[in-house]
Structures are given as structure tokens and as C-alpha cells.
Amino acid sequence: MIDIKILRNNPEKIKLNCKKRSVTNIDIDKLLGMDSDYLELLNNVENIRAKRNRLSKECKTNPEAREIVKGLKQELSDKEALLNELKAKINQQMAWLPNLLSPDVPDGNDDGDNEELKSWGDKPQFDFEPLDHQELGEKLDIIDTKRGGKVAQSGFYFWKGKGAQLASALFFWTQQELVKKGFTLFSTPCAAKEKTLYGTGYLPFFADQTYQLENEDLALIGTSEQVLVAYHGDEILASESLPLCYTANTPCFRTEAGSYGKETRGIFRVHQFQKVEQIVFCLPEDSETYHELCLQNEEYLLQQLNLPYRVVNVCIGDLGAPGYKKYDVDAFFPGFGNYREVCSNTNLNDFQARRLSVRYQDNNGTKGIVHTISATAVTDRVVCAIMENFQQADGSIIVPNVLRPYTGFDQIKS
RNA sequence: GGAGAGGUGGCCGAGUGGUCGAAGGCGCAGCAUUGGAAAUGCUGUGUACUCUCACGGGUACCGAGGGUUCGAAUCCCUCCCUCUCCGCCA
């Protein structure tokens, strides 16, 4: 949520931001008009209430006061109804305003315009034609998308046998590494109510991505970010307790409405995947630092796995509405022949925290709204990257050293 | 699923129509006392919105929403949530 005071004091800033982000469904001038109507009416209503409260105290001794207050009732309730209506309309519009942008965010329309910041690792050289993870997975009988479709739907899949062991090893190892780095591990609800999704900015912006449960105010989570950030909703955190660094390993459910084509081959874009997440709550002045720190963690993990990757600074057109600044980390997928996104790391600024009312207070009593960072650690996509990068001529896959203590084997072969 | 109890400020807890934004306690902060601390004493200590250059006002909030009333934490209705016991169960 944008601070409405920014809108009042500097509407041009908000207009420019909307223009940059190609937001056309909000009429800022109309919104401002509604807001000033609202403030005027609010003032009016509060004055009537003040009069009522004053006179009510006299009613015991002064029967005339009672008649005057009775006369105010209808006017007050009419105006209150109008006030509520106006407020709801304003909130509805405000909810669609995208976050402000960091000055670091590059211009651009889509992921092709993202700015590459660095790359790490050597792309593997093969003296054979490398396969993609789907084909490898089928040959080794460790990925089963066919039966995923049979029992659930296309877009669901099974990890099987050593594939499942490899995936479990990756997730467990990642959790351990993050805990070593000071993150608190959570096991979370995998369903969340509307307020939670709204508070984290997934509603209204990504409404078509959520699996809604029938006859319940519940949807399957699209990411543990939704529940981990909302965890501190309506709370005031002591500033000395910050930063709070949280992690969880959960399934993530996404309808992926409208995703077809080559990008969807294999288990790259699916309805359910597993993700280890990094969430940080911090003081506003520290969010840049922790945004970078989460990136370092992502890089550390990929380096430990020895996966070549690049880091990109995501451009305006590819940055979701709640984001203030975002880095993607793309691992190299030899079977696909290109880099593909495995991590995204977003500084959300106070956008979520304002919606959810997550505040801090320091020893002087100064209060403010915290900033949140939401960053991937690893997902199933990283397992796919491991498969494609460490495939051998005979179709087997070498397990990265760091995972061997958790898999109990160093190679997957048919 | 059945039966019961309950939701009040950071926490505990009083409060059944006006003097209640809310006693009392704990916690926290400041001051005094001390070599320093503990203990003790005094003082202060909710949130949000809004008006005002400011000092300082106003409004709202006792789980949520509605109703009754001149006036609701308190009465009525609906919903949500929590706890206890029984049953069932991964």
C-alpha cells in the first residue's frame, strides 16, 4: 500500500510512478478528489458526533437536549453511511496502486530488458548433446509427470526414488545453511485467508494465480512469504529485535493461468512446487543491506552447489506491482541452452508492512513501518538445474558434494 | 461431531447503561535513594484517524459486524476466534 499522504502531498510522484509501471486503471485525480471529499465529510461527521456527545451528557437534567440529539440521528447516520462508502471506494483504488520504484530499477518492458549484473561459474562443456531435466528424469525414472497428471492434473508431478531423495536433500541442506546464517526455521500453514493474501500484495494483483478453497475464506499459499510476512501482522516489533530473518520449506501452489509453450516443458512452470524461502523484517534504513544479504545467500547456495548462474536487476516491466526493487538469479540450464530463473529476491519496502500493519518501535518510542524482503533460497528448479548441469554421457547424474551427506549416494544412474 | 466456558490496553485482570479510554496489578521509561545494584518511593506509560504554524483540540476503537438508546465495554442479534471435556482421527 502506498502511503496516502504521499498521494496528497505529491500526486505527481504517484502519477509518474503509475505511468512508468503502465498502470492505467487508476484515475489519480479522481482518487484525490474522493479523498478530499472524504476528509471534508469526515470533519463534518466528527463535528456532529462531538455535538451529540456533548449534549448527551446534559440529557439527564435537560430534556431539550434529548430532542436536539434525536434530531441529529438521521443526519448522522446518513452521513456515516456515505463516509463508509467513500472510504471503501478509496481503499479499493489504493489497493491497486503499485509500489514506488527504487531509482536503481532499469527501464524495460519484459525479462529481455533485465540488466545483467554479474555471472558466476563456467558453463559445463559436454562432448554429447545434453538433455533437459524432463528427458533425464524420465530415463532415470526419477520424475513422473504423466502420473502427476493422472492423479491430479497436468502441471503436477512426482519426484520418485533417488530424485525425491535428491530434492529432499537439497531442501534440508538449504534449511540448515540458512539456520547457520541466523534464520529461524518455520513450518507454516499452507493455506491462508484473503486478508493475508491481500496484506502481502498477492491480492488484488495476482488474484488469478491463487487456488481458492471452496466455501472457505482460504486459498492455498502461492509461497510461504504470504504466511511468514503476515505472521507479524498487526504487531509492533521492538526495533532492537530487528532484523528478523525467517525461513520455511513449503509447497507453493499456483494456477499459472495462461502459461503455455516451451517454457512449460518439464517441471519448470508447474502448479505445485517446493520452495525454501528467505524473509526479512528490518528497519527501513536497512532494507537495502538485507536485500543484498539475501542475494549473497542465494549466490552462496548456488556456488556451494557449483551451479553457474547470473544475477539480473529486474526491469520495471518485469517487476511485480508490490516490488520496490528485485534481483533474479538465473541458473544455467544446459539442456535448455540458456539461463533460467531459479531465485527471485524482492525488496518490498514498506508496501506489505503498511497493508499488514507491521511496525517497529525503538527505545525513544519512535514508531514506524518496517520493511520486508522476500527472497527465494531454493526450489525444485534448482534440482532440475543440478540434473542438467551434472549429467554424464551415460545419462547418469553426479550429486553435488555438499548434498551427499544427505542423499547417501553420489550418483543417480539407471 | 457432542457438551460447556470465554474473548477488555504490552501482559494479567476489574468493570452490567452516562462520572469509562477504561480501576488495580505486572511490565516498561524517567527521577529519587545507592559506591553500584536489588528493594522501596514518586511520576509517566494504548492505537489509529483528523484539525491546528504551534500550544492543544476532536473523533473512533473493550474479538468483528449490525440493532436498541439522547447515550453502549455493559442490553439484543449475527458471525469469527480461543480454551476445557467427550468422541473420532493422520
Side-chain angles (χ1 to χ4, degrees), chain A residues 1-11 31-95 97 151 187-199 212-220 227 230-242 244 250-251 281 284 350-370:
Chain A
M1 185 80 88
I2 295 288
D3 186 349
I4 196 160
K5 285 181 184 132
I6 298 177
L7 186 68
R8 285 173 189 161
N9 299 331
N10 197 349
L31 181 54
L32 272 169
M34 283 198 290
D35 181 54
S36 70
D37 289 350
Y38 167 77
L39 288 180
E40 196 185 322
L41 188 57
L42 178 66
N43 208 270
N44 189 224
V45 164
E46 290 191 345
N47 284 335
I48 298 172
R49 283 178 185 155
K51 189 173 173 188
R52 177 200 62 193
N53 291 347
R54 213 175 330 109
L55 288 171
S56 289
K57 286 180 181 142
E58 296 176 16
C59 281
K60 265 188 180 169
T61 53
N62 179 5
E64 275 176 48
R66 181 170 305 195
E67 293 312 309
I68 299 173
V69 180
K70 265 187 184 173
L72 291 175
K73 275 189 98 170
Q74 192 58 47
E75 184 189 4
L76 187 59
S77 82
D78 288 350
K79 286 187 170 171
E80 279 174 336
L82 210 59
L83 189 71
N84 291 338
E85 206 179 300
L86 202 49
K87 182 71 180 163
K89 272 188 195 163
I90 292 168
N91 284 342
Q92 193 266 339
Q93 296 277 295
M94 289 297 293
L97 283 182
V151 304
S187 182
T188 77
C190 292
K193 58 177 70 175
E194 181 179 343
K195 189 182 166 194
T196 301
L197 301 193
Y198 172 83
Q212 186 69 37
L213 299 188
E214 204 172 354
N215 299 326
E216 296 272 6
D217 177 18
L218 281 177
L220 298 178
V227 284
Y231 182 81
H232 284 303
D234 294 318
E235 292 183 20
I236 299 179
L237 308 170
S239 58
E240 64 263 26
S241 72
L242 301 175
L244 291 169
T250 69
F281 297 85
D350 62 3
F351 192 82
Q352 296 178 321
R354 174 169 284 108
R355 287 174 173 235
L356 286 163
S357 190
V358 186
R359 288 169 293 166
Y360 67 87
Q361 180 171 28
D362 65 22
N363 282 333
N364 305 320
T366 309
K367 291 187 188 70
I369 295 175
V370 304

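Excluded from the calculations below are hydrogen atoms, water molecules and symmetry mates; all remaining heavy atoms, backbone and side chain alike, are included. Predicted model only: the values in this text are computed from it and were never measured. Within every chain, numbering begins at 1; the chains are lettered A, B, ... in the order of the sequence lines, protein sequences first and strands thereafter.
- In this structure, the nucleotide among B:U50, B:C70, B:A60 sitting nearest to the side chain of A:Arg49 is B:A60.
- Only the C1' atoms considered, B:U43 is 15 Å distant from B:U33, to the nearest whole Å.
- Inter-residue side-chain proximity for A:Leu31 and A:Met34 is flagged as met; some heavy-atom pair is nearer than 4.5 Å.
- Rounded to a whole angstrom, the distance from the P atom of B:A60 to that of B:A73 is 10 Å.
- Of the residues near RNA chain B, A:Asn43 and A:Cys59, the one whose nearest nucleotide (by heavy atom distance) lies more toward the 5' end is A:Asn43.
- Side-chain atoms of A:Leu76 and A:Lys73, non-hydrogen and from C-beta on, never get closer than 4.5 Å to each other.
- Side-chain contact of A:Asn84 with A:Glu80: a donor-acceptor pair under 3.5 Å is absent, judged by distance alone.
- Taking atom P in both B:C12 and B:G7, one finds a spacing of 12 Å when rounded to whole Å.
- When Watson-Crick and G-U wobble pairs are counted only if both distances are under 3.5 Å, B:A38 pairs with no nucleotide at all.
- Partner assigned to B:C61 is B:G46, using Watson-Crick or G-U wobble distances below 3.5 angstrom.
- Taking atom C1' on both nucleotides, B:C88 is separated from B:G1 by 8 Å, rounded to a whole Å.
- Atom CG in A:Asp3 sits about 13 Å away from atom C1' in B:A48, given to the nearest Å.
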Note to self: Let's go through A:Asp3 and A:Arg354 carefully: what are the C-alpha distance in whole Å and the side-chain angles of both, what is the deciding distance for side chain to side chain contact (heavy atoms under 4.5 Å, CB included) to 0.1 Å, and is it a yes or a no?
What the structure shows: CA-CA 8 Å; A:Asp3 186 349; A:Arg354 174 169 284 108; 3.5 Å; yes
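- Following rounding to the nearest Å, A:Glu80 (CD) and B:U59 (C1') show an atom-to-atom distance of 11 Å.
- Rounded to whole Å, atom P of B:U59 lies 14 Å from atom NZ of A:Lys51.
- Proximity of A:Lys73 to the phosphate of B:G71: a side-chain N or O atom is located under 4.0 Å from OP1 or OP2.
- Judged by Watson-Crick or G-U wobble contacts below 3.5 Å, the nucleotide B:C53 has no partner.
- Taking atom C1' in both B:G15 and B:G25, one finds a spacing of 15 Å when rounded to whole Å.
- Between the P atoms of B:U8 and B:A64, the separation comes to 10 Å (whole Å).
- Considering only heavy atoms from C-beta on, A:Asn44 comes within 4.5 Å of A:Lys79 through its side chain.
- Looking at A:Asp234 and A:Lys195, a side-chain N of the basic residue comes within less than 4.0 Å of a carboxylate O on the acidic one, giving a salt bridge.
- The CG atom of A:Leu76 sits 12 Å away from the C1' atom of B:A60 (whole-angstrom rounding).
- Protein atom CG of A:Leu237 is 15 Å distant from nucleotide atom C1' of B:U47, rounded to whole Å.
- Nucleotide B:G71 is matched to nothing when pairs are restricted to Watson-Crick or G-U wobble geometry with both distances under 3.5 angstrom.
- Taking a pair to require two hydrogen-bonding distances under 3.5 Å in either a Watson-Crick or a G-U wobble arrangement, B:U82 pairs with B:A5.
- Of the two residues near RNA chain B, A:Arg54 and A:Ile4, the one whose nearest nucleotide lies more 5' is A:Ile4.
- At B:A48, one or more side-chain N or O atoms of A:Arg359 fall inside 4.0 Å of OP1 or OP2 (strictly under the cut-off).
- Taking atom CG of residue A:Leu55 and atom P of nucleotide B:G18, one finds them 19 Å apart after rounding to whole Å.
- The same atom, C1', is picked in B:A14 and in B:A23; the two are 6 Å apart, to the nearest Å.
- Taking atom CG of A:Asp217 as the reference point, atom P of B:C80 lies 11 Å away to the nearest angstrom.
- Base-pair partner of B:A14: not found among the strands shown (Watson-Crick or G-U wobble, both distances under 3.5 Å).
- In this structure the side chain of A:Arg359 never reaches within 4.5 angstrom of the side chain of A:Leu237, judged on heavy atoms.
- Between the CG atom of A:Leu83 and the P atom of B:A60 there is a distance of 12 Å, given to the nearest Å.
- Comparing the P positions of B:U45 and B:G56 gives an interatomic distance of 13 Å, to the nearest angstrom.
- Residue A:Arg8 places at least one side-chain N or O under 4.0 Å from the OP1 or OP2 atom of B:U50.
- Within the 4.0 angstrom heavy-atom criterion, only backbone atoms of the sugar-phosphate kind lie near A:Ala50; the bases stay farther away.
- The phosphate of B:G18 has neither OP1 nor OP2 within less than 4.0 Å of any side-chain N or O from A:Lys57.
- Put simply, the side chain of A:Leu83 reaches to within 4.5 Å of the side chain of A:Leu42, judged on heavy atoms.
- Closest to the side chain of A:Leu39, from the set B:C51, B:C70, B:U59, is B:C51.
- Side-chain N/O atoms of A:Arg52 include one lying less than 4.0 angstrom from OP1 or OP2 on B:A60.
- Ranking B:U47, B:C49, B:C70 by closeness to the A:Ile236 side chain, first place goes to B:U47.
- A close approach under 4.0 Å does occur between a side-chain nitrogen or oxygen of A:Asn53 and OP1 or OP2 of B:A60.
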